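In what follows, a structure is listed as structure tokens, so that the remarks can point back to it.
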Amino acid sequence: MKRDNFGSSFGVLVAMAGSAVGLGNLWRFPYLVGTNGGAAFIIIYLVIVFLLALPIMYAEFVVGRRSQSNVFGAFKKLAPGSSWGIIGVLAIICCIMVLSFYGVVGGWTIDYMIKAVMFKFTSDTAALDGMFAQTVTSSWQPLLFMLVFVGLSGFILLAGVKDGIEKYSKILMPLLFLTVVIIAVRSVTLPGAGAGIDFLFKPDFSKVTANTFLDALGQAFFSLSVGFGIIFTYASYVKREENVVKMSVQTAMADTLFAIIAGVAIMPAVFAFGISPGQGPGLVFVTLPYVFAQIPLGSILAILFFFVLFVAAITSSISLMEVVVAYIIEEFKIGRKAAVVVTTMIVLVLGVFCSLSQGLLSDVKIFGNNIFDLFDKTTANILMPVGALLIVLFAGWRMKRSDFIDEVTSGGMHKLNPAYMAIMIYSIKYVAPLVIGIIMLRSFI
Ligand code: PHE
């Protein structure tokens, strides 16, 4: 069976950036920056991205592209008879679990996009709190919106890699950047916006603690979508001529740039109204609607913002789903359509539990967490780091050095600075495993 491929370098870049740019960039990065010393945090974050997250990305990219296969099947080709296929099993379980709660949040973004269009936001905070509570806890509404969100993700994947993922990313990603820039311009021109700019950029090294480094690490991995088998799966559709290092660096830069612009879009507006910024759902579904309700023409900004949130979420969702779809197509030898339907069904069933755990099933606690939080924590603290660890171990220790270099340079086609290559390999072999180990330890303590 002939495998589908990306059609252009730009297509690969927007697809990878589509996965990387997600809710994490919008609702977590700006807050982390502001509370960890502004520019000081941005510098630390960039160093971590370049010295650590990127080498892990190269490792995933190299193994994925070399295999020309899904995350599980890859190891039957690259390491026959070994147990490395466990990487694939973990990645697939991880993606399904993330999708189950990402789909729920994706549903909320659609719901809020509609609320924005219907001018539902007021400057009454109690009403906004109530609106959000109602949105997530009512029984059928969030289920319906989740169905629409996951269904749309599946719909895009039906058309395949080039005509689905690539085509939609090429339209949506530029639109996403443009829209967030428009919001940022409005935000910084509000009276009193300066406080938000200070919060984001004023360097304050006194706020940098050991936790700052750990937060930056966790955020960098999650934000670049490394350790989920996503880069791996996308890379398996990338042509041999493409430059691994260049594409990965561009993806990381696009992701970080977007996160910073998102900060500029959100924080100045929040500070202009004298609100203390938070993070997560509270920030985007309660605080921001309050802010939008007070800005002249804010209702248009609200529509734009929830569009941004929705696009950021859906391009991440399709990347997660494709990991599973590719696996089902190739390992069960069934067509793409059937594979997409099966994946959508599995995600919807689990998604129902995640969604209801916000309301009806909120009393069901496993290890002290509701189902939604359990999935979130298990994937972020266990599955993702273990996946990332195994993939760097595979690329650094199991794969032949000559094969690795051959793949990174596309068979010698792309010249890489030898010093950079040495640092990269050192990072993959020693530093990355050590640091991932530390992150895992932290989450257990
Ligand atoms: N990178 C996405 C973000 O920043 C999250 C994500 C993780 C998406 C893993 C897909 C897979 O929000």
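Order of appearance sets the numbers: ligands from 1, and atoms from 1 within every ligand. This one's a predicted model, so the numbers in the text were calculated from it and none came from an experiment. The analysis underlying the following values was restricted to heavy atoms, covering all of them including side chains, and did not include hydrogens, waters or symmetry mates. Counting from 1, the numbers follow the sequence of the chain as shown.
Aromatic pair Y234/F61: centroids not less than 6.0 angstrom apart.
Of all protein heavy atoms, the one closest to atom 2 (C) of ligand 1 is A20 O, 3.4 Å. Atom 11 (C) of ligand 1 has I230 CD1, 3.1 Å as its closest protein atom, hydrogens excluded (heavy atom only). Looking only at protein heavy atoms, the nearest one to atom 6 (C) of ligand 1 is S225 OG, 3.9 Å. Here the heavy atom of the protein found nearest to atom 12 (O) of ligand 1 is G24 N, 2.7 Å.
Interface atoms of ligand 1 facing S19, defined by a heavy-atom separation under 4.0 Å, are 1 (N), 2 (C), 8 (C). Ligand 1 places these atoms under 4.0 Å from at least one heavy atom of N25: 3 (C), 4 (O). If you number the atoms of ligand 1 from 1 as listed, the ones under 4.0 Å from a heavy atom of Y102 come out as 5 (C), 12 (O). Within ligand 1, the atoms closer than 4.0 Å to a non-hydrogen atom of L320 are 10 (C), 11 (C), numbered from 1 in the order shown. When each atom of ligand 1 is checked for a heavy atom of F228 under 4.0 Å away, the hits are 7 (C), 9 (C).
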Trace of the ring-ring contact (aromatic ring centres under 6.0 Å, His included) decision for F353 with F375: CA-CA 11 Å; F353 290 101; F375 277 26; 9.0 Å; no
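Rounding to the nearest 0.5 angstrom, the gap separating the CZ atom in F6 from the OG atom in S169 is 7.0 Å.
Using a 4.0 Å heavy-atom cutoff, V98 is absent from the residues neighbouring ligand 1. Heavy atoms of F29 come nearer than 4.0 angstrom to ligand 1 in no pair at all.
At least one donor-acceptor pair under 3.5 Å links the side chain of N25 to the backbone N or O of D255.
Residues E331 and K76 are paired through a salt bridge, judged by an N-O separation under 4.0 Å between the basic side chain and the carboxylate.
Donor-acceptor pairing under 3.5 Å is lacking for the side chains of Y237 and E166.
Residue S223 has at least one N or O atom closer than 3.5 Å to an N or O atom of ligand 1. At least one N or O atom of F222 sits closer than 3.5 Å to an N or O atom of ligand 1.
Classified by interplanar angle (parallel below 30°, tilted 30° to 60°, perpendicular above 60°), the ring pair F149/F310 is perpendicular. Ring geometry, F75 versus F232: the interplanar angle falls from 30° to 60°, so the pair is classed tilted. Between F285 and F132, the two ring planes are parallel [angle under 30°; tilted spans 30° to 60°].
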